[in-house]
Amino acid sequence: MSSQQLLNGSFEINESGCGINLVNDAFNDRVEYITAFGGQSEIDLLIDFCEYGKAGHEDYFIALYNYNFSDAFSFEISRPFNAQNSTGCDLLRG
């Protein structure tokens, strides 16, 4: 039995370079398998040359913002979760 995999978990499959303050629809148009839906609606899609830091894995990373509302996103997974198994995810905070 194989485990579930995050699709595009490193944000590498995208049509952007530095995407600063992308509204949800713009982010969703540029990044496959990930859906932005937060009320803040300004996720950053970044790469090293954007000068906001370095990715923890591969080349790309995202930045989320929270003021009155929060940015939010979800990953697609390769297959449905099995309710009998435990699941975890590690996030890097910069």
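Everything numeric in this text was worked out from a predicted model, so none of it was measured.
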Checklist line | Distance (rounded to the nearest 0.5 Å) between I43 CD1 and D71 CG | finding: 5.0 Å
Checklist line | CZ/F69: more than 12 non-hydrogen atoms of other groups inside 6.0 Å | finding: no
Margin query: Taking A36's backbone N and O only, do any of them form a donor-acceptor pair with N28's side chain (distance below 3.5 Å, no angle check)?
Written below: yes
Check: Who else is in the cluster with I13 when I, L, V, M, F, W and Y are joined by side-chain contacts under 4.5 Å?
Finding: L7, Y33
Next item on the list: Please report the shortest heavy-atom distance between N68 and Q40, naming the atom on each side.
Entry: N-OE1, 3.9 Å
Next item on the list: Kindly say whether G38 contributes a backbone atom to a donor-acceptor pair with the side chain of N24 at under 3.5 angstrom?
Entry: yes
Next item on the list: Just jot down the side chain to side chain contact (heavy atoms under 4.5 Å, CB included) partners of A55, sequence neighbours excluded, or say none.
Entry: F61
Check: How would you list, by chain and number, every residue that makes a side chain to side chain contact (heavy atoms under 4.5 Å, CB included) with F75, sequence neighbours excluded?
Finding: L6, F11, I34, F73
Notebook entry, point to check: Just by modelled atom types, is the Y60 backbone N or O under 3.5 Å from a matching donor or acceptor in the E12 side chain?
Noted result: yes
Next item on the list: Hey, could you give me the CD/OG1 distance between E76 and T35, rounded to the nearest 0.5 Å?
Entry: 6.0 Å
Next item on the list: Report the distance from atom CZ of R30 to atom OG of S16, rounding to the nearest 0.5 Å.
Entry: 5.0 Å
Note to self: For S70, give me all partners under side chain to side chain contact (heavy atoms under 4.5 Å, CB included), at least two apart in sequence or on another chain.
What the structure shows: N66
Note to self: A63: which residues meet the side chain to side chain contact (heavy atoms under 4.5 Å, CB included) condition with it, sequence neighbours left out?
What the structure shows: D44, L46
Notebook entry, point to check: If you look only at pairs with a residue in residues 16-88, which of them pass as a disulfide (SG to SG under 2.5 Å), with sequence neighbours excluded?
Noted result: C18-C50
Item checked: Atom pair CG/CG of L45 and N14 - distance to nearest 0.5 Å -> 4.5 Å
Note to self: Counting only heavy atoms from other residues, nucleotides and ligands, does the tally under 6.0 Å from CZ of F49 exceed 12?
What the structure shows: yes
